[in-house]
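We're numbering straight along the sequence, starting at 1.
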Amino acid sequence: MDLKILSLATDKTTDKLQEFLQTLKTDDLTDLLQSQAVKGRAVGAFLRAIFKGSPCSEEDGALRRSKVYSCCIQLIESGELQQEVASEIIGLLMLEVHHLPGPLLVELASEFVSAIREDRLVNGKSLELLPVILTALATKKEVLTCGKGDLNGEEYKRQLIDSLCSVRWAQRYVIQLTSMFKDVHLTTEEMDLVVAKVLAMFPKLNLQEIPPLVYQLLVLSSKGSRRRVLHGIIAFFSELDKQHSEEQSGDELSELVAAPADELYHVEGTIILHIVFAVKLDCELGRELLKHVKAGQQGDSSKSLCPFSIALLLSLTRMQRFEEQVFDLLKTSVVKSFKDLQLLQGSKFLQTLVPQRTCVSAMILEVVKNSVHSWDHVTQGLIELGFILMDSYGPKKTLDGKAVETGSSLSKMTNQHACKLGANILLETFKIHEMIRQEILEQVLNRVVTRTSSPINHFLDLLSDIVTYAPLILQSCSKVTETFDCLSFLPLQTVQGLLKAVQPLLKVSMSVRDSLILVLRKAMFASQLDARKSAVAGFLLLLKNFKVLGSLASSQCSQSIGATQVQVDVHSRYNAVANETFCLEIIDSLRRCLGQQADVRLLLYEGFYDVLRRNSQLASSIMQTLFSQLKLFYEPESDLLPPLKLGACVLTQGSQIFLQEPLDHLLSCVHHCLAWYKSRVISLQQGDEGEEEEGLCHELDDMLESITARMIKSELEDFELDKSADFSQSTSVGIKNHICACLIMGVCEVLIEYNFSISNFSKSKFEEILSLFMCYKKFSDILNEKAGKGKTKMTSRTNDSLLSMKFVSDLLTALFRDSIQSHEESLSVLRSSNEFMHYAVNVALQKVQQLIRRGHVSGPDGQNPDRIFQNLCDITRVLLWRYTSIPTSVEESGRKEKGKSISLLCLEGLQKTFSAVQQFYQPRIQQFLRALDVTGTEEEGEEAGVTVTQRATFQIRQFQRSLLNLLSSEEEDFNSKEALLLIAILSTLSRLLEPSSAQFMQMLSWTSKICKEYSLEDASFCKSLMSLFFSLHVLHKSPVTLLRDLSQDIHGQLGDIDQDIEIEKTNHFAVVNLRTAAPTVCLLVLSQAEKVLEEVDWLIAKIKGSVNQETLSAEVTPEAASSQAVPSSPLMEKAIIMQLGTLVTFFHELVQTALPSGSCVDTLLKDLSKIYSTLTAFVKYCLQVCQSSRGIPNTVEKLVKLSGSHLTPLCYSFISYVQNKRNNNPKCTEKEKATAGTIMAKVLRETKPIPNLVFAIEQYEKFLIHLSKKSKVNLMQHMKLSTSRDFKIKGNILDMVLREDAEDESEEGSAPAHTEQNREPAKKKRKICLS
């Protein structure tokens, strides 16, 4: 039978074939077809023969074709056919689909929908036929009858797709069904339906099935709905990540979720690769991704940015087209995130309204952590992002060698956080990915070497972290040794930072250390001074960090090595004996430096002490070197005065004078090394060597004793310096005398410290100390006197004390706290000199100031944070005790000397130490406050339970009592400087209080009480007090009501702009009086109002962004958007309206106040423009949301009414008041012309913001009109158009004016209408007159 059909099919005509097929039963034909297909015999030819004999034009033929199609589909789905046979059958069926009539196509398509609904498909191979059927159906123009009515082919295709997307898809066919749609021409609506259906299937699939589905979806997205596809993918994985992190946070599930985490991140990595590949083929997809993320930035960025989307963006950076855009977007997101965080932390008002969100920085670090799962396509982007953040937001300027930030405090903090994030990204990436370590290290070192003019501390810190983490890995890195070759050309600070950073590497790598030593030896003889200084700094660092056999344990040294650093003797070749030879060689090299410039010698003297403490075995060599150097400048004859050869310390080259030998620093180095040597080394040594060392110490002691005795005996004339000597900086003699005087002062300071250290509280020694101080003071007075006359700034050498911080701490303790009976008599010698005690406190202040400015102090242990912290604690404790024991008022009552009293200096010192501790030792605040406890009665258990807030409160109460005592004194006894310092200390300490604690509330209420009850006419005190009050108040609640009360007080004090109106004075705050109301309090409240407006603007942008996001979500996923509501929006709207309403009443008071010309008027006009801009922004938001069912709330109408009645008319009155001030300015005489010019310039500056204000008001009214039309509520009924703004042309007057040209200007000048058109020319004329 089959052969007959095949033979008939070869005939030219089909008549016989048709007749034969008609004689066959349909079932026989399908059985035959099935038999042929299963056997795989020429089934293609057999099918072609059947189709040839079954023309669609005849009913029987069409019916036969329908049966054949159904049979073939069943055969394909049965799985009994060979792959090639099934493919051949499908190919033939596809070719013939377009010949099928419409009803038959409908029937076939419906069969497919039923099969999918009832899950009758076995392998889904037949689905390849469905897109051809749907395409063919869409081309049918005839009307097709179906159950719901008559539809054409296109409409029926739409209905079928709708049915397909509404039925349940079996999990195993989702990918095939998605792939099937890419071959169908889909309209936008159909595309949205399909994409929504596929995205809805994501949660129902296994993780491993999602990447191929995403691939098919991305292919499908080339037809449209790109944003919807990307939104769905990102939202799905964002939710998955969130669920995973929540599960990980639960301890009991941590082990269970570990395995799926790997799988999840691998799947995410694969999908990111798919999307990046798709973007390469379709750039529009990349643009849509960027649009999607940018749109999300306006509202809650965590909805558009998540670890997955950030990783995706970073992968896009490998394409040049998107690189810059992506990095700009990520930079903006990071900065915005940090700014938002800062704003939230500084305002309780915002904290109550906006929940804390995950910071973008945490998401980026999450990406770094996840990138370990083969995310190689992300790592390059991470590295570039890290460096971009560090380059863009690192410090830009240096001051005294320390990096400083410029700009407002908010932007400074934001920049610091962004820079730190960049460093963290690079460090964590370095730890995870071995392949890119070399690249990161090279880029860091390149920046260290090339950026000589800008600060690189942040890169050095990163380098230090990298080296500390992996010193063994980096020892084979050639880039480090290449960098060493550039040391001679780098600034000294960079060299010191670089060598300190690579220190752990030097301990494990012989080659790196040898190459460094070679470079340093070459630099030692370089022609550039900086290169030689770098060599000395490098050698000193090596000496400090290579321990010699027999040296004291590191716990006894000033710089112990951290646990993370690798010990030096990792290599057997690097044993301690080899180190000793190596170190002694370096000391020999350094000895040669003692013949070089003063700066090089200075570095040596400052470094020897630390070397000695680290390597006690080198002590003998170092002490001998110092002894030999000192002998060069020492007069051995005991009768010769002065005892030192000062002339030899100064070098004359032609007409130039230089310091050759910093003798004071040499003497200081000798003293500190000797003291440590005697206490630590000699006591441990025995035999001949010990005797020899002891002899050297005695010799040095004798020299210092002799110098002390002879310095006391020396008069000014012995130094060839007296009051008549020349100290000017313009002559060579003056410069030489100035250098010598500075050296003598330094020597005196060193001798004071030396004699105190060996005094054992001997009265005679203390008398010598006092005599040395008097010698110091003579030269200090002369230099100060000459500096005052010459009006030239003295060099900083006169300011930097050579006393060590430890000595200053001990001296202050002895002077103020030592109550031991046996010490009483000797200490009375020093205590009897008020000048000496004054000097001791001054030096303590100087040391703390040094720490704040540079981050370290001069002298021994000046770079050791632990020692500095301990000294700070001791100094603060003594200063606190001295100030609280002897108040300033008591001390000043009996004082005759000029200048600050000791108590006031102590208070200034306290203010500086509290600031320094908060700046440098924030984590150790608890320890610091505990150290200030004078009684020390707390048990250890009790101490642990006392919080920082409680300890800070104890200190705060002491200073509160002092301030109350000061405020209670008579007006003439009020000490403004002391009051300002007390407020500064209270401000610093109040930052340590927890805002939610009762102690914080007590502090706030106490400050409020002071402001309400005490009236002082001291403007600076008022400013400090009010600033403290505001800083506390914003952490409790919004200060708008406070601002309103203060504005009423200001209005009452200064009077009304209408002089005929009498104002009833309010007295909310006594601190507001006639003297302080303007400009002090006025500018403060306006500044605070600006901050409130900034917060309100931020909130409006937030809710506006949320509305935009809702709109986008509704477009992208309508069903999801309908289920999500934003409950916080009405709450935020209410808060915004309350803030703006209260601010309107605040400005209502101020615009009626007779403010004096100057900054107050200028600032008020600018802030009025700002509130109108904020009101306009809120009206624009209302325009956005009024289309929804909510409409506009009643409170909006009340706010508009309030602004219309209480603010706008008064703004125009205030403008007239400001302009009348200008017009009523009296005519100036010739003599007063210059003064008048200044006044007029000031007035012009004040009137400049007026046009901006008028424009802001008009913009507000313009958008109110739009809102009125949309909301069907007449909001403009509350707004009164100002009579000074409208005008009309009167014809008769115009004719008269045109006829009388001569009177034109006078008519225009005397016209009563204050129109803006009249004002502008008037201002221009005034400007011409002034010029």
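Side chain to side chain, Lys806 and Asn871 fail the donor-acceptor criterion of an N or O pair below 3.5 Å. A donor atom on one side chain and an acceptor atom on the other are not found under 3.5 Å apart for Ser488 and Gln528. Between Ser762 and Ser764, the side chains place a donor N or O and an acceptor N or O closer than 3.5 Å (distance only, hydrogens not considered). A side-chain N or O of Ser706 and one of Tyr634 form a donor-acceptor pair less than 3.5 Å apart. Counted by atom type alone, Arg817 and Ser885 present zero donor-acceptor pairs between their side chains at under 3.5 Å. A side-chain N or O of Asp701 and one of Tyr754 form a donor-acceptor pair less than 3.5 Å apart. Judged by distance alone, the side chains of Ser858 and Lys847 do bring a donor and an acceptor atom under 3.5 Å apart.
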*From CA spacing to verdict: side-chain contact (heavy atoms from CB on, under 4.5 Å), Phe920, His856*: CA-CA 10 Å; Phe920 296 102; His856 59 86; over 6 Å; no
*asked:* Set out, in order, the CA-CA distance, both residues' side-chain angles and the distance that settles salt bridge (Lys or Arg N to Asp or Glu O under 4.0 Å) for Asp610 and Arg613, then state yes or no.
replied: CA-CA 5 Å; Asp610 283 337; Arg613 297 194 65 146; over 6 Å; no
*Is there a side-chain contact (heavy atoms from CB on, under 4.5 Å) between Gln870 and Asp861 once you walk through the steps?*
CA-CA 11 Å; Gln870 192 53 54; Asp861 293 329; over 6 Å; no
_Set out, in order, the CA-CA distance, both residues' side-chain angles and the distance that settles side-chain contact (heavy atoms from CB on, under 4.5 Å) for Met805 and Ile868, then state yes or no._
CA-CA 8 Å; Met805 199 172 183; Ile868 293 173; 4.2 Å; yes
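Looking at Met711 and Phe719, their side chains come closer than 4.5 Å, going by heavy atoms from C-beta outward. Phe539 places a side-chain heavy atom less than 4.5 Å from the side chain of Arg521. Residues Leu603 and Gln496 are in side-chain contact: their nearest non-hydrogen atoms beyond the backbone lie under 4.5 Å apart. Side-chain contact check for Leu716 versus Ile782: some heavy-atom pair is nearer than 4.5 Å.
At most 12 non-hydrogen atoms from other residues, nucleotides or ligands lie less than 6.0 angstrom from NZ of Lys713. Within a 6.0 Å sphere centred on NZ of Lys912, other residues, nucleotides and ligands contribute more than 12 heavy atoms. Within 6.0 Å of CD in Glu585 there are more than 12 heavy atoms belonging to other residues, nucleotides or ligands. For Lys500, the NZ atom counts as loosely surrounded, since its 6.0 Å shell holds 12 or fewer non-hydrogen atoms of other residues, nucleotides or ligands.
A salt bridge between Arg854 and Asp800 is present, with a side-chain N of the basic residue lying under 4.0 Å from a carboxylate O of the acidic one.
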